[in-house]
There are 2 protein chains.
Amino acid sequence: MALHSPLLKAPVTTADRVLQEIQHAIVEGDIPAGSKMSEPELAKRFQVSRAPLREALARLERCHLVERLPNVGARVVRLSVESLRALYELREELEGLACRLAAEKMPESEVQSLKALLDKHLATQRVSEGESYYQEEGDLDFHYRVILGSDNSYLINILCDELYYLARMYRVQLGMNGPRVSRAFDEHRAILQAIANRDGELADLLMRRHIRASRDNIEIQLREIEEQT
Amino acid sequence: MALHSPLLKAPVTTADRVLQEIQHAIVEGDIPAGSKMSEPELAKRFQVSRAPLREALARLERCHLVERLPNVGARVVRLSVESLRALYELREELEGLACRLAAEKMPESEVQSLKALLDKHLATQRVSEGESYYQEEGDLDFHYRVILGSDNSYLINILCDELYYLARMYRVQLGMNGPRVSRAFDEHRAILQAIANRDGELADLLMRRHIRASRDNIEIQLREIEEQT
DNA sequence: AAAGCCATAATTGTCGACAAGTTTGAAACG
DNA sequence: CGTTTCAAACTTGTCGACAATTATGGCTTT
C-alpha cells in the first residue's frame with residue numbers, strides 16, 4: 001500500500017524495514033498513542049534482534065512519533081491540542097517559506113507537471129467523491145512537491161522527514177471530514193497559480209491559510225475527544 | 001570547557017558522552033570536514049564499543065554534522081556556500097518566528113533576566129575586547145533564550161538541537177571577525193527591546209537582519225577559502 | 001491502613017563475535 | 001597502457017549474552 005509514494009524510500013537494511021513497519025503502525029494507530037514500547041516485545045513481534053530495533057526507535061524519536069528517556073525506554077507520543085498547535089504553527093511558517101522559495105526557483109517544467117497532477121486529482125476526485133485515501137495521498141503529493149521546489153535541503157529534511165509523519169498521524173487518526181476535502185483542491189489550485197505567476201508573497205499567504213484551515217479542522221475533532229475523557 | 005552552557009545536558013549514558021566528545025571535535029575541526037569516520041577507529045579512540053558509537057553517529061547525522069550511507073558509513077559534512085545559504089535561509093525564518101512568538105509569550109520576568117544578561121555581556125566585552133569566545137557564548141546564550149521564549153517545542157528542538165551545531169561549526173571554523181562582534185551586541189539590544197515592547201513584527205525583522213548580517217560575514221570568509229582550491 | 005523500604009524481576013545499555021556488504025588492489029585481458 | 005575481473009581485506013549491519021539501571025511487589029513500620 002502506498003508504495004508508489006515518493007516519500008517511501010526502498011528499505012535497504014533491516015532497520016529500515018522495521019522502521020517503516022512501526023512508523024506505519026503508529027501513524028495508523030495500531031500501536032496506540034501513549035503506549036509503552038517494550039524492546040523485547042517489539043523485537044519478537046517484528047522478528048528482529050534489538051540492534052536494528054533500537055536504530056528504528058532512534059529514528060522514530062527523530063520524527064517525533066516516540067519519546068525516549070535514558071534507562072527508561074520509549075513511549076508513543078500522545079496527541080494533544082497543545083502539540084497540534086505547535087506543530088501547525090511551525091508548518092505554517094515552513095511551508096509558507098517553501099512556497100516563497102518555490103515561486104522563485106521551481107523550473108517551469110515542474111510547474112506544468114504539478115498542474116497536470118492537480119488535473120489528475122480533480123478527475124480522480126470525481127470518480128470517488130469523499131474517498132479520503134486518494135485525497136490524502138494527493139494532498140501529500142502536492143505539498144511534497146512544492147517543498148522539493150524550495151531547493152533547500154534542510155527545509156526539505158525537516159518537512160518531509162521530521163514533521164511529516166506526525167502531521168500525518170493527526171490527519172489519519174482525527175480525519176479530514178466532508179466539505180474540507182473539496183475545498184482543499186481549490187486551495188491547491190490557487191497556490192500553484194501563484195507559484196506559476198512567480199508571486200511568492202501570495203503563494204506564501206495562501207499556503208498559510210490552507211494549513212491553518214486544515215489545523216482548525218483537526219482541532220475540532222481533537223477537542224471533542226479530549227472532552228470525553 | 002563550556003560546561004556551564006545551557007545547551008550541554010549532563011551525559012547520562014556512554015553514548016551521550018561520546019556524542020558530546022565527537023560533536024565537539026567536529027565543530028572545532030579536530031576531525032576535519034569531509035573526512036571518513038571509521039567505526040572501529042573511533043571506537044578505539046574513545047574507548048567504547050561500537051554500539052554506543054553508532055548511537056552517537058545516528059545523532060550526529062540528526063544534527064547534520066555527518067552524512068551516512070547504508071553499508072558504506074559516515075563522513076563529516078563539508079562546508080559550502082550552498083549549504084551555508086540553505087542553513088541561514090532557514091534560520092532567518094525560524095528565529096524570526098521565534099522572536100515573534102517570544103514577543104507574545106515570554107513572561108516579563110524572563111525579559112528582565114535577558115536584559116541583565118546583555119548588561120553582563122557588555123561588561124564582559126569591555127574586559128576582554130575582541131575575545132571571541134565570550135562573545136560567541138554570549139551570542140549563543142541570547143539566541144538560545146529567545147528561542148526558548150517561543151514556547152514551541154518543535155521549533156526549539158529544530159533550532160537548539162538540529163541546526164545549532166552546524167551553525168556553530170561554520171562560526172568556529174570560519175570565524176567572526178572584528179567589527180561584526182561589537183555590532184552584534186547592539187543588534188541584540190534592539191531585538192530584546194522590541195520583544196519587551198511586545199512588538200513581534202519588529203523583533204522578527206531585526207532578528208532576520210541580524211542573522212543575515214552574520215551570514216554575509218561568514219560567506220565572505222568561505223568564498224575566500226573556496227577560491228583557494 | 002498508608003507510607004517507606006528492600007529484594008526481586010524486568011528493562012535498557014553495552015559488549016564482543018559473526019554475517020553481509022563494500023572497497024582495494026593485483027592479476028588477466030584487450 | 002588502460003580496462004576489467006576477481007579475490008582478499010576491511011567495514012558496516014546484526015545477533016545473542018552480560019552489565020547496569022529502573023520498575024515491581026511484598027514486607028515492615030508507624
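Proteins get letters first, then strands, A, B, ... in listed order; numbering begins at 1 in each.
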Original post:
Is it true that atom NZ of Lys105(B) has more than 12 heavy atoms of other residues, nucleotides or ligands lying nearer than 6.0 Å?
Top reply: yes
Subject >> Sidechain N-carboxylate O distance under 4.0 Å for Glu95(A), Arg208(A) >> reply: no
**OP:** Determine, stepwise, if the pair Met169(B) / Leu87(B) fulfils side chain to side chain contact (heavy atoms under 4.5 Å, CB included).
**Re:** CA-CA 12 Å; Met169(B) 182 173 171; Leu87(B) 176 64; over 6 Å; no
Original post:
Is Glu104(B) salt-bridged to Arg100(B), going by a charged N under 4.0 Å from an acidic O?
Top reply: no
**OP:** Measure from CG on Asp16(B) to C1' on dT12(C) and round the result to the nearest Å.
**Re:** 13 Å
Original post:
Of all nucleotides in DNA chain D with an atom under 4.0 Å from a non-hydrogen atom of chain B, which is the first and which the last going 5' to 3'?
Top reply: dT11(D) to dT14(D)
Original post:
Should the pair Arg91(A) and Tyr88(A) be classed as cation-pi, given the thresholds of under 6.0 Å to the six-membered ring centre and 45° from the axis?
Top reply: yes
**OP:** Could you tell me whether Glu219(A) and Arg223(A) have a side-chain N and a carboxylate O separated by less than 4.0 Å?
**Re:** yes
Original post:
So do Leu97(A) and Asp204(A) actually touch side chain to side chain, heavy atoms under 4.5 Å?
Top reply: no
Original post:
Can we say Arg62(A) and Asp161(B) salt-bridge, meaning some charged N sits less than 4.0 Å from an Asp/Glu carboxylate O?
Top reply: no
Original post:
Hey, is the main chain of Val81(A) close enough, under 3.5 Å, to the side chain of Glu226(A) for a donor-acceptor pair?
Top reply: yes
Original post:
Are the charged groups of Arg17(B) and Glu21(B) less than 4.0 angstrom apart, N to O?
Top reply: yes
Taking N or O atoms only and anything under 3.5 Å, show me the protein contacts with nucleotides 7-11 of chain C, one pair per line.
none

Subject >> Residue-level proximity of residues 48-64 of chain B to DNA chain C when a heavy atom falls under 4.0 Å >> reply: Val48(B), Ser49(B), Arg50(B), Ala51(B), Pro52(B)
